[in-house]
Amino acid sequence: MGFPYVLLLFSSIIVSTLGVDIMQPEVFNSVDQSFPLLQFTDSTESQPYRTAYHFQPPKNWMNDPNGPMIYKGIYHLFYQYNPGSAAWGNITWGHATSTDIVNWIIHPIALFPSDPSYDIKGCWSGSATILQDGTPAILYTGIDSNNNQVQNLAVPKDPSDPYLVEWIKSTHNPIMEPNDVNKINTTLFRDPTTAWLGPDGKWRVIVGNEREQNTGLALLYTSADFVHWTEAEHPLHSSNETGMWECPDFFPVSKDKHVLKASVFRSLVEYYTVGTYDRHTDIYVPDAGSVDNESGLRLDYGKYYASKSFYDSDKKRRILLSWINESTSANIDIMKGWSGLQAFPRKIWLDKSGKQLLQWPVEEIEKLRTDQVKLPITKLKAGSVVEVSGVTSAQVDVEISFSIPMFEKAEVLESSWTNPQEICSQRGSSANSGVGPFGLLVLASSDIQEFTAVFFIVFKKNDKFVVLMCSDQKRSSLDLDYDKTTYGGFLDVDPVKQNLSLRTLIDHSIVESFGGGGKTCITARVYPTLAINDKAHIFVFNNGTQHVEISNLNAWSLKQAQIN
């Protein structure tokens, strides 16, 4: 829904700075506060952090993706949008469409706040469902004049229009309200999922909730007509270790397996479990070993929140979208005139082990590829650095794999080293750990004083080896001060039996990395001041004490996507 505590803090800063009430609809018409972030002399460099192929509107605030879907061969992306400012607040549903999920056309806002009884204080996150007659419907959270969160329905004015430009709100709104009997907190009741049909022909949908301090819930509702909804006697699932679940997502990944994803309010972490859903009892149970809290599997171990997936019925695949917020302050966002973007769309599917998801950029990215560069098999000696030249390093797609000829120098993984992010932060990209760190330095200056490092370290644990994947932002900008958190996650790959692969999408201020064919993903926002535009470089490095081999490297410059 976009209500994380950090955003509330940002909004308070903006209110005190600009003197505006962020919840008042009249602010929709306020003048945009757009200024260059840095004082470059060349006007083409005045916005070096805007992306080339990640979706973002031309200006103002954007957060959660809402109701992505495909309808009549057209991909639809709705998103939380403030039409009057680059600060969070005054939330509407922005709308864009695409025929290839890469190039986008921006349409008029789909949903504005309008009614005191159900959404006057914002049209917040929700989902789209294709009904039995083939037409779409939107379920979304609204906030009424008393600050209660309720669920609402909207349908297209003209279902024959493949672009679905106009939407009509139901006269029955609100269609779901907090239940006093079950003591639902009226400020923690939000973000309905895509609905699904049960064996009794009734629709099911879940809504995020928190109850009894730290218990996150997926409240379950049912309906025969998609208008009148009844809360089930029990939630679909709950966990007493997480707190509020925002933007839940629930979908099948095989004949007998489902995934339940929760965006955890308190930590801004997204985690998921793989489990079994009983369609007759409407109970979901995570598999044994599928950890049901933030220490479990994550969709992404970096800056990635409020994701939403949908089934692409045309290409028989599930696609994942997500909000990537800024790492700079709200004041800088106001200065540059925009904030937030969408991660590049990912195809997601269940790994053959049945224990985790795999994620990979959708194949349509290949439409943007130009200027391919290859490196032959190369021995990467300890302490060496090799530049990847011949590509546009500020917007590029890099695939590399490493083979490890020896493991004798692998450092022992201590039993207390259980938090991968802490290990990555403590070690960094320059530490000599035996087998690693080795990987990529991206958005790097020519003298490698400024860079973002994405890399692996291999540890020994008993008679096996453990792979750690890191994204280190400590040196990502020499002149700008912002959140430079180092991210990390363990990678479920045996480096003795297979090469370590890494794919990284670089787009000016975003670095999305996929390790082991998409088993571990890490996204970072960075704002270099030296390595911008044509001054950006890419290097392969090895700071370990033993050599590794580059077994394969392909890099492609990526063209600018069209967003009109």
Side-chain angles (χ1 to χ4, degrees), residues 271 289-291 295-302 304 351-360 379-380 382 398-442 452-473 486-504 511-524 540-553:
Y271 83 93
S290 198
V291 180
S295 65
L297 291 169
R298 300 188 195 178
L299 290 176
D300 194 291
Y301 290 82
Y304 197 89
D351 179 53
K352 62 182 181 181
S353 70
K355 296 179 179 180
Q356 69 176 110
L357 293 175
L358 298 178
Q359 303 174 63
W360 204 244
K379 183 177 181 179
L380 201 60
V398 184
E399 294 187 26
I400 188 170
S401 62
F402 299 92
S403 61
I404 303 169
M406 299 179 296
F407 293 88
E408 287 82 356
K409 295 184 180 181
E411 185 178 357
V412 174
L413 183 70
E414 300 293 338
S415 58
S416 60
W417 297 355
T418 58
N419 186 320
Q421 184 168 343
E422 288 183 2
I423 303 171
C424 288
S425 181
Q426 292 168 4
R427 296 307 180 92
S429 60
S430 60
N432 302 123
S433 299
V435 185
F438 58 89
L440 296 174
L441 303 177
V442 304
T452 295
V454 186
F455 58 90
F456 300 117
I457 302 175
V458 179
F459 294 96
K460 184 176 182 180
K461 184 177 182 181
N462 301 323
D463 59 346
K464 296 182 179 180
F465 296 96
V466 175
V467 180
L468 178 67
M469 177 176 165
C470 305
S471 180
D472 182 358
Q473 283 74 245
T486 294
Y487 304 114
F490 290 115
L491 178 62
D492 184 20
V493 171
D494 184 348
V496 177
K497 296 180 179 179
Q498 63 185 99
N499 292 344
L500 293 180
S501 68
L502 175 66
R503 183 177 184 182
T504 299
V511 179
E512 288 189 82
S513 298
F514 305 80
K519 287 187 173 183
T520 296
C521 306
I522 304 178
T523 297
V540 187
F541 78 98
N542 176 19
N543 281 337
T545 57
Q546 76 165 52
H547 78 274
V548 297
E549 290 185 352
I550 302 173
S551 55
N552 182 57
L553 186 147

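Just so it is clear, the structure is predicted and the values come from calculations on it, not from any experiment.
- Shown are Leu502, Val548, Leu468; of these, the side-chain contact (heavy atoms from CB on, under 4.5 Å) with Phe456 is made only by Leu502.
- Scanning both residues, Tyr301 and Gly489, for their nearest heavy atoms gives CD2-CA, 4.0 Å.
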Result block: side-chain N/O donor-acceptor pairs under 3.5 angstrom for residues 413-421, not counting sequence neighbours:
residue, atom, partner, partner atom, Å
Asn419, OD1, Gln421, N, 3.0
Asn419, OD1, Glu422, N, 3.2
Gln421, NE2, Thr486, O, 3.3

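- Phe407 places a side-chain heavy atom less than 4.5 Å from the side chain of Phe465.
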Does the pair Leu299 and Leu357 meet the rule for a side chain to side chain contact (heavy atoms under 4.5 Å, CB included), with working shown?
-> CA-CA 8 Å; Leu299 290 176; Leu357 293 175; 3.9 Å; yes
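- Side-chain contact between Ser353 and Asp351 is present, with heavy atoms from C-beta onward closer than 4.5 Å.
- Residues satisfying the side chain to side chain donor-acceptor pair (under 3.5 Å) test with Ser429, not counting sequence neighbours, are none.
- In this structure, the separation between CD on Glu399 and CZ on Arg503 is 4.5 Å, given to the nearest 0.5 Å.
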Listing, residues 492-501 side-chain donor-acceptor contacts under 3.5 Å, not counting sequence neighbours, or none:
residue, atom, partner, partner atom, Å
Asp494, OD1, Val496, N, 3.0
Asn499, ND2, Ser551, OG, 3.2
Ser501, OG, Gly517, N, 3.3

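- Each side-chain hydrogen bond (donor to acceptor under 3.5 Å, both in side chains) pair with one or both residues in residues 460-471, not counting sequence neighbours, appears once here: Ser471-Gln473.
- In terms of heavy-atom proximity, Lys355 sits nearest to Leu297 at O-CD1, 3.4 Å.
- The shortest distance between side-chain heavy atoms of Ile550 and Ile400 falls below 4.5 Å.
- Counting heavy atoms from C-beta outward, Thr504 and Glu512 have side chains that stay 4.5 Å or more apart.
- For the atom pair Phe455 CZ and Cys424 SG, the distance stands at 5.5 Å (nearest 0.5 Å).
- Residues Ala382 and Gln546 share a closest heavy-atom pair of CB-N, 4.0 Å.
- Within the structure, the salt bridge (charged side-chain N to carboxylate O under 4.0 Å, His left out) test picks out no pair touching residues 542-553 (sequence neighbours left out).
- Scanning for side chain to side chain donor-acceptor pair (under 3.5 Å) contacts around Ser295 gives Asn293, with sequence neighbours left out.
- Asn432 is linked by a side-chain contact (heavy atoms from CB on, under 4.5 Å) to Asn543, Thr545, counting only residues two or more places apart in sequence or in another chain.
- Across Thr523 and Tyr487, no two heavy atoms sit closer than the pair O-CE1, 3.7 Å.
- Residues forming a ring-ring contact (aromatic ring centres under 6.0 Å, His included) with Phe402 (at least two apart in sequence, or on another chain): Phe438.
- Scanning for ring-ring contact (aromatic ring centres under 6.0 Å, His included) contacts around Phe490 gives an empty result, with sequence neighbours left out.
- Residues Leu440 and Val398 form a side-chain contact, since some pair of their non-hydrogen atoms from C-beta on lies under 4.5 Å apart.
- By the side chain to side chain donor-acceptor pair (under 3.5 Å) test, Arg427 pairs with Glu411, Ser433, sequence neighbours left out.
- Residues satisfying the side-chain contact (heavy atoms from CB on, under 4.5 Å) test with Cys521, not counting sequence neighbours, are Asp300, Arg346, Gln359, Phe514.
- Residues Val454 and Ile522 are not in side-chain contact: their nearest non-hydrogen atoms beyond the backbone lie 4.5 Å or more apart.
- Here the straight-line distance linking atom CD of Gln356 with atom CZ of Arg298 works out to 14.0 Å at 0.5 Å rounding.
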